Amino acid sequence: MKFITFQYDGNERAGLLVEDQVMDLNKASNGRIPADLLTILENYDLYKNEIAEITGEGIPLSSVQLRAPLPKPQSIRDFYAFEEHVKTARGRRGLEMIPEWYDVPVFYFTNHRAVIGPEDHVSIPVNCKKMDFELEIACIIGKEGKDIPVEEADDYILGYTILNDWSARDIQAHEVKVGLGPSKGKDFATSIGPCIVTKDEIEKFRTGKSYDLKMTAAVNGKVISSGNFSSIYYSVPELISHASKNVTLYPGDVIGSGTVGTGCILELGEEKHRWLEDGDVVELSITGLGTLRNTVRK
């Protein structure tokens, strides 16, 4: 299934995307299923069977506006799980690889109240001269759990979506010198979408500890980045297990992978592409998950 949040007749609604048709879950169930996706996920066992059986005539996709599938997620933990990205991005700054990176997957919390969706504009922060995108995949937690073993963590995944961790590189570079991690350089926007694809739909792409999913980023129609989800160093179950140590994960929590190799301008270098400017259209595409498109504005 492909879960979405869409705007229609002035209201945000939870739905299923079936080819080019949108199924309004609340309407199709005569009100039994809630109208927002987060509430559905928080009580997923109550609704999943009825959701799977929903049929009938939907709304043409062209008639609705897609929003972020989870406009206000419970939290967003963004990891640093692709070795190529870490090595190359640090090398660009004249830094060696961090030995401790191989000991434990690390993450930071980003602003879960600054989420935007497909086709939304993202504003360049004031005083930012080095605006960047980050090509990532994210999983959505589907049930509550604490201290989750790695071998059980896949059971806690509802599905996957595309994530763009927008970054003001000059602001970020200045503030991380303090040693606490990114703050205003990452605080202003995170894109997710266009839908949440349940994990069964991508099972056919499974390879080893991950999935063979091509990941590309294009700016103004030109592909400048190409990677693959299968190159991730830490598996998503490993990320979930680590995130759940001593704390509870909840339905609707977002676990980001971090940037795939070649997946940002910082890593590619300005000789490959300049920093983003007003009017640039950034498209992130992942096999099986679709395309997440946003326009950069001053």
Side-chain angles (χ1 to χ4, degrees), residues 7 65-69 71 76 78 80 82 84-95 108 110-138 161-177 181-194 214-227 254 256-286 289-298:
Q7 189 163 326
Q65 181 180 359
L66 291 182
R67 311 301 299 170
I76 305 177
D78 204 8
Y80 202 33
F82 287 92
E84 180 185 354
H85 168 68
V86 180
K87 279 185 173 181
T88 307
R90 289 183 63 81
R92 285 279 182 184
R93 291 173 286 163
L95 302 174
Y108 81 101
T110 194
N111 190 348
H112 63 297
R113 296 304 195 197
V115 169
I116 61 176
E119 306 298 342
D120 286 343
H121 292 171
V122 57
S123 297
I124 301 174
V126 175
N127 298 324
C128 170
K129 305 299 182 184
K130 297 181 178 180
M131 179 72 166
D132 202 357
F133 66 87
E134 290 194 352
L135 171 57
E136 305 189 23
I137 192 169
T161 192
I162 303 170
L163 186 148
N164 190 337
D165 181 26
W166 298 96
S167 303
R169 296 302 189 189
D170 41 359
I171 297 173
Q172 177 189 2
H174 183 253
E175 64 195 5
V176 296
K177 292 178 181 178
S183 54
K184 300 310 293 183
K186 298 274 194 174
D187 191 45
F188 57 98
T190 300
S191 299
I192 60 173
K214 186 176 181 180
M215 304 172 66
T216 63
V219 179
N220 301 327
K222 180 183 179 182
V223 174
I224 64 171
S225 168
S226 182
V254 178
S257 65
T259 310
V260 71
T262 78
C264 63
I265 298 171
L266 174 67
E267 184 180 344
L268 294 168
E270 291 181 77
E271 67 273 16
K272 176 72 174 183
H273 197 279
R274 58 168 172 74
W275 301 108
L276 299 175
E277 298 176 353
D278 181 48
D280 284 343
V281 177
V282 178
E283 296 174 294
L284 307 187
S285 299
I286 300 179
L289 303 185
T291 296
L292 177 61
R293 182 185 301 105
N294 296 103
T295 300
V296 175
R297 293 297 186 197
K298 287 184 178 179

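What you see is a predicted model; the values in this text were computed from it and never measured. Both backbone and side-chain heavy atoms feed into the values below; hydrogens, waters and symmetry mates do not. Positions are given from 1 along the sequence.
Between the side chains of S226 and T216, no donor-acceptor pair is found at a separation under 3.5 Å. Neither side chain, E283 nor T291, offers a donor N or O lying under 3.5 Å from an acceptor on the other.
Here the shortest heavy-atom pairing between A218 and G221 reads CB-C, 4.2 Å. When every heavy atom of S123 is checked against every heavy atom of F188, the shortest pair comes out as O-CD1, 3.7 Å. Here the closest non-hydrogen pair linking I171 and V126 is CD1-O, 4.0 Å. The heavy-atom pair separating E267 from T262 by the smallest distance is OE2-N, 2.7 Å. Across every non-hydrogen atom of H85 and T259, the tightest pair is CB-O, 3.2 Å. Taking each heavy atom of N111 and I76 in turn, the nearest pair found is O-CD1, 4.3 Å.
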Practice task
Check the pair S191 / W166 against side chain to side chain donor-acceptor pair (under 3.5 Å), numbers first and verdict last.
Solution key: CA-CA 8 Å; S191 299; W166 298 96; 2.8 Å; yes
Practice task
In sequence, state the C-alpha distance, the side-chain angles, and the governing distance for N294 and N164, and then conclude on side chain to side chain donor-acceptor pair (under 3.5 Å).
Solution key: CA-CA 9 Å; N294 296 103; N164 190 337; 4.9 Å; no
Exercise for the section: Start with the C-alpha distance between F133 and V219, add both sets of side-chain angles, then the distance that settles side chain to side chain contact (heavy atoms under 4.5 Å, CB included), and finish with yes or no. Expected result: CA-CA 10 Å; F133 66 87; V219 179; 4.2 Å; yes
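The NE2 atom of H174 sits 11.5 Å away from the CG atom of N127 when rounded to the nearest 0.5 Å. Here CD1 of I224 is found 5.0 Å from CD1 of I265. Values are rounded to the nearest 0.5 Å. To the nearest 0.5 Å, atom NZ of residue K130 and atom CH2 of residue W275 are 6.0 Å apart. Rounded to the nearest 0.5 Å, atoms CG (L289) and CG (L284) are 11.5 Å apart. Separating the OG1 atom in T190 from the CZ atom in R113 is a distance of 13.0 Å, to the nearest 0.5 Å. Between the OG atom in S167 and the CG atom in D132 there is a gap of 6.0 Å [rounded to 0.5 Å].
For the pair T295 and D280, the minimum side-chain heavy-atom distance is 4.5 Å or more. I286 is not listed as a side-chain neighbour of K214, based on a closest heavy-atom distance of 4.5 Å or more.
D120 has no carboxylate O lying under 4.0 Å from a charged side-chain N of R297, or vice versa, which leaves the two without a salt bridge. Looking at K186 and D78, no side-chain N of the basic residue comes within less than 4.0 Å of a carboxylate O on the acidic one, giving no salt bridge. At a threshold of 4.0 Å, the pair E134-R169 counts as salt-bridged, since one of the basic side-chain nitrogens sits closer than that to a carboxylate oxygen. By the 4.0 Å N-to-carboxylate-O rule, E270 lies too far from K129 to be salt-bridged with it.
Looking at V254, I192, V115 one by one, the single match for side chain to side chain contact (heavy atoms under 4.5 Å, CB included) with P69 turns out to be I192.
Between the side chain of E119 and the main chain of L66, no donor-acceptor pair closer than 3.5 Å is present. In terms of modelled atom types and a separation under 3.5 Å, the side chain of R67 and the main chain of G193 share no donor-acceptor contact. A donor-acceptor pair is defined here as one N or O able to donate and one able to accept, closer than 3.5 Å; such a pair exists between the side chain of E136 and the backbone of G258.
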